[in-house]
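Notes follow once the structure below has been shown.
Lettering of chains follows the sequences in order, A, B, ..., and the numbering in each one begins at 1. Computed over heavy atoms, backbone and side chain alike; hydrogens, waters and symmetry mates excluded. Everything numeric here is computed off the predicted structure, so don't read it as measured data.
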2 protein chains.
Amino acid sequence: MLMHNPPHPGEVLKELCIEPLGITVTDAAKGLGVSRKTLSRILNGKAGISPEMAVRLSIAFNTSSESWLNQQSQYDLWQAEKHRNELHVTQLSVA
Amino acid sequence: MLMHNPPHPGEVLKELCIEPLGITVTDAAKGLGVSRKTLSRILNGKAGISPEMAVRLSIAFNTSSESWLNQQSQYDLWQAEKHRNELHVTQLSVA
DNA sequence: ATAACCTGTAACGTACCAGGTTTCAATTTT
DNA sequence: AAAATTGAAACCTGGTACGTTACAGGTTAT
């Protein structure tokens, strides 16, 4: 089932991982092995979580990469579903 | 849990949707509202299933867009996990 | 066999996005 | 006051989804 209005994965990352640990964005970026800008863009919802970034997060925060990428998929799908009625698609199967 | 060596989502699409209906790639592309090349690239594993394409597939084949995009995520993540040990990431949390 | 169709794919272009470095301004911390 | 932190801008590279057009090889129908 599709979640209702899922938040930015970056929002979750900030509130559940960065802030609780009391580490700075700068240091978190260093630990993740990415630039500060890259992490900043994610935390502020300007960029999504790539498959590779999901793996980085899973290492740094001892979580599952799947959960991070699934969150991103849910978010992306929610955006795409908004325009469902604008797509010119005809039914091909009735199953 | 991460699936073991997930197949191309396009492979699944071909075997479970296109072939059973006996429709041509050309007609399927028309029904989906995309170019024949776009669908062909997906079916042959040269392109992934985008969020918008997942919605198109859900309409055409009366399925869930989530399942299509999740399949793609599983596949992408499987590729990314292959290089897990090449990433310079330091542990930030011990939880 | 000739014509029509189906298919993968190449070549070209457009658009978008992740990621990098550098730099700036504003805020916060020390 | 000085140093650190942050968001964001400009600019670049690389990758990818998608489009049209075109070709070559295969299949099917006439």
Expected list for residues 8-26 of chain A near DNA chain D, using heavy atoms below 4.0 Å, is A:T24, A:V25, A:T26
- Task: Provide, to the nearest angstrom, the distance between the CH2 atom belonging to A:W68 and the C1' atom belonging to C:dA18.
- Result: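 About 18 Å, once rounded to whole Å.
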Taken to the nearest whole Å, CG/A:N44 to P/D:dT5 is 17 Å
Do the side chain of B:D27 and the main chain of B:I23 share a donor and acceptor less than 3.5 angstrom apart? no
Taking five pairs at each terminus, the helix from C:dA1-D:dT30 to C:dT30-D:dA1 shows an axis bend, to 10°, of 30°
Sorted by chain and residue number, the side-chain contact (heavy atoms from CB on, under 4.5 Å) partners of B:L43 (sequence neighbours excluded) come out as B:L13, B:K14, B:I18, B:V25, B:L39
Residues 32-44 of chain A vs salt bridge (Lys or Arg N to Asp or Glu O under 4.0 Å), sequence neighbours excluded, gives none
Residue pairs passing the salt bridge (Lys or Arg N to Asp or Glu O under 4.0 Å) test with at least one member in residues 54-65 of chain B, sequence neighbours excluded, are B:E52-B:R56
- Query: Looking at B:D76, B:I42, B:N70, which hits side-chain contact (heavy atoms from CB on, under 4.5 Å) with B:I49?
  - Reply: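 Passing option: B:I42.
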Parallel, tilted or perpendicular: ring planes of B:W78 versus B:H4, cut at 30 and 60 degrees: perpendicular
Expected string for nucleotides 12-30 of chain D under the B/S/- scheme (protein heavy atoms, under 4.0 Å, primed atoms plus P, OP1, OP2 as sugar-phosphate) is -----SSBB-B--------
Nearest 0.5 angstrom please: [X] [atom1] to [Y] [atom2], how far?
{"X": "B:L32", "Y": "A:L92", "atom1": "CG", "atom2": "CG", "result": "6.0 Å"}
{"X": "A:E15", "Y": "A:H8", "atom1": "CD", "atom2": "NE2", "result": "11.5 Å"}
{"X": "B:C17", "Y": "B:L57", "atom1": "SG", "atom2": "CG", "result": "7.0 Å"}

(Q) Between B:T63 and B:S58, do the side chains contain a donor N or O and an acceptor N or O under 3.5 Å apart? (A)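 No, no side-chain donor-acceptor contact under 3.5 Å.
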